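Read the structure below first, then the notes.
Remember, it's 1-based here, ligands and their atoms both numbered in the order they're listed. Given the structure is predicted, the values throughout are model-derived calculations rather than measurements.
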Amino acid sequence: MDVDLSEKTALVTGGTRGIGRAIVRALADAGARVAFTYRSSTEAAEALVDELEAGDTEALSLQGDVADFDTAQAHVDTVLDRWDTLDVLVNNAGITRDGLMLRLTEEDWDDVIDTNLKGVFNYAKAAYRPMMGQRSGSIVNISSVVGTSGNAGQTNYAASKSGIVGFSKSLARELGGRNVRVNVVAPGYVQTDMTDELSDDAREGILDAVPLDRLAEPEDVAQAVLYLAAPAAAYVTGHVLHVDGGLSM
Ligand code: NDP
């Protein structure tokens with residue numbers, strides 16, 4: 001896809017691995033300055049900044065927990081101090097703590113909701129004001145096929161991911177008048193550290209249900225995010241873009 005994001009600034013949460021890393025790369029390849037957050041992979045973060053700078057991308061890594069409200073505000077402030085604008089926010093960071101209801105603990109519930117759902121609120125809350133002031137901005141939130149179809153053993157994760165859809169549609173209605181767009185990308189199963197934990201049987205079962213007959217690569221998701229971030233999607237808001245090989249239809 002031929003997308004020009006030069007002179008634009010993007011912030012991606014959870015950019016060190018998997019889907020987030022592919023999103024960072026795609027935004028950089030389109031010419032954007034890119035800041036990304038991570039929780040603990042400092043070496044991976046430093047290596048990614050080096051890689052981006054070697055390709056002439058202005059890059060910034062920011063450590064912290066997305067579940068922490070003040071951290072999100074500090075990260076957005078740092079981006080604005082450095083580059084003055086924030087044009088694209090991608091809320092990607094997410095975790096799983098799977099378990100059937102019988103075994104799911106309160107901590108499993110709180111960890112997933114705080115990271116996956118409150119994390120999205122935290123960064124959107126910090127970013128919406130500068131975007132409204134600019135009269136432009138694109139927020140892309142990463143949900144999951146599990147948010148619409150549900151999955152045994154993932155009540156906490158499914159709740160967080162469907163919560164993202166309701167949150168995003170509501171915020172899209174609030175911010176549309178200021179030309180700030182809010183959309184969702186809902187991936188199916190993607191080849192990352194998160195899905196490396198799947199058993200062979202589970203993987204076979206998923207492939208049987210995916211019309212395109214393969215797991216997604218992180219780049220498949222990154223291209224969908226890039227589209228929603230770009231001027232080509234100027235009239236798209238409140239949308240859920242399924243990138244799941246047909247799994248959810
Ligand atoms: P990974 O586990 O591969 O990477 C997660 C990234 O998020 C890492 O950069 C990690 O940082 C960061 N992160 C995790 N928790 C926090 C936190 N509390 N604060 C800050 N950063 C954090 O995940 P994926 O690439 O697989 O998934 C990315 C997103 O896509 C998630 O929201 C996930 O739910 C969603 N998704 C994934 C699918 C899949 O099949 N993989 C399918 C559908 C949706 P660090 O490296 O420091 O730990």
Side-chain angles (χ1 to χ4, degrees), residues 11-26 34-49 61-72 74-76 89-98 107-108 110-123 126 140-151 154 156-165 167-168 184-198 202-203 205-207 209-210 214-222 224-225 240-245 247-248:
L11 171 60
V12 180
T13 66
T16 43
R17 290 186 280 125
I19 295 169
R21 190 178 199 286
I23 293 168
V24 168
R25 287 258 27 148
V34 188
F36 64 88
T37 81
Y38 64 100
R39 182 181 41 185
S40 50
S41 308
T42 306
E43 265 181 44
E46 286 170 359
L48 182 53
V49 168
S61 68
L62 301 161
Q63 192 277 329
D65 185 348
V66 291
D68 186 72
F69 185 80
D70 295 336
T71 297
H75 283 174
V76 168
L89 168 66
V90 184
N91 281 307
N92 162 78
I95 58 168
T96 51
R97 296 279 183 273
D98 297 349
E107 194 182 353
D108 295 331
D110 287 345
D111 281 354
V112 167
I113 298 295
D114 287 353
T115 305
N116 297 7
L117 186 55
K118 188 181 175 209
V120 171
F121 163 74
N122 288 343
Y123 280 82
V140 183
N141 298 323
I142 308 298
S143 176
S144 163
V145 62
V146 169
T148 42
S149 58
N151 195 22
Q154 290 197 305
N156 51 355
Y157 185 75
S160 72
K161 292 301 185 180
S162 56
I164 285 174
V165 174
F167 173 84
S168 302
V184 174
V185 170
Y189 291 87
V190 188
Q191 200 73 59
T192 69
D193 293 349
M194 196 179 265
T195 43
D196 276 351
E197 292 166 16
L198 290 171
R203 191 174 291 264
I206 290 163
L207 286 178
V210 175
R214 66 172 175 89
L215 297 193
E217 296 298 328
E219 291 72 22
D220 292 315
V221 180
V225 172
V240 181
L241 181 48
H242 295 273
V243 183
D244 61 9
L247 177 61
S248 65

Nearest non-hydrogen partners of Ser61 and Ala45, listed with the distance: CB-CB, 4.0 Å

Would Arg39 count as a polar contact of ligand 1, with the cut-off being nitrogen or oxygen pairs under 3.5 Å? yes

Only heavy atoms count here, so choose which of Thr37, Ile19, Val12 is nearest to atom 27 (O) of ligand 1. Ile19

Below 3.5 Å, N or O to N or O, backbone or side chain included: is there any such pair between Ala67 and ligand 1? no

Among all the protein's non-hydrogen atoms, which is closest to atom 47 (O) of ligand 1, and how far away is it? Ser40 N, 2.6 Å

Any idea which atoms of ligand 1 are less than 4.0 Å away from a heavy-atom of Gly15? 9 (O)

For Phe36, does its backbone N or O pair with a side-chain atom of His75 as donor and acceptor, under 3.5 Å? no

When you measure from atom 20 (C) of ligand 1 to each heavy atom in Gly64, Gly14, Ala93, Gly20, which option holds the nearest one? Gly64

Sub-4.0 Å heavy-atom approach of Tyr157 to ligand 1: yes

Short N or O distance, Thr195 and ligand 1, threshold 3.5 Å exclusive: no

Near Tyr189, which atoms of ligand 1 are under 4.0 Å from a heavy atom of that residue? 40 (O)

Among non-hydrogen protein atoms, atom 48 (O) of ligand 1 lies closest to Arg17 NH2, 2.9 Å

I'd like the name of whichever of Asn116, Thr42, Val66 reaches closest to atom 19 (N) of ligand 1 through any heavy atom. Val66

Please determine whether any non-hydrogen atom of Ser143 lies less than 4.0 Å from an atom of ligand 1. yes

Is there a heavy atom of Gly188 sitting under 4.0 angstrom from any atom of ligand 1? yes

Taking all non-hydrogen atoms of both residues, which atom of Pro187 and which atom of Asp244 are closest, and how far apart? C-CB, 4.3 Å

Drop me the distance from Glu46's CD to Tyr38's OH, to the nearest 0.5 angstrom. 6.5 Å

Heavy atom of Thr13, distance to ligand 1 below 4.0 Å: no

Distance to 0.1 Å, residue and atom name: give those for the protein heavy atom nearest to atom 26 (O) of ligand 1. Thr192 OG1, 2.5 Å

Does ligand 1 come near enough to Ser144 that some N or O of the ligand is less than 3.5 Å from an N or O of the residue? no

Please identify which atoms of ligand 1 are closer than 4.0 Å to at least one heavy atom of Ile142. 30 (O), 35 (C)

Thr115 and ligand 1 - part of the residue with a heavy-atom distance under 4.0 Å: side chain

side-chain hydrogen bond (donor to acceptor under 3.5 Å, both in side chains) test vs Asn116 passes for just one of Ser144, Ser160, Ser143, namely Ser160

Quick one: does ligand 1 sit under 4.0 Å from the side chain of Asn92, the backbone, both or neither, non-hydrogen atoms only? both

N or O contact, Ser41 vs ligand 1, cut-off under 3.5 Å: yes

Ligand-residue contact atoms, ligand 1 with Ile95, heavy atoms, under 4.0 Å: 14 (C), 15 (N)

Are side-chain heavy atoms of Leu215 and Gln191 found at a separation under 4.5 Å? yes

Is the closest heavy atom of Lys161 to ligand 1 under 4.0 Å? yes

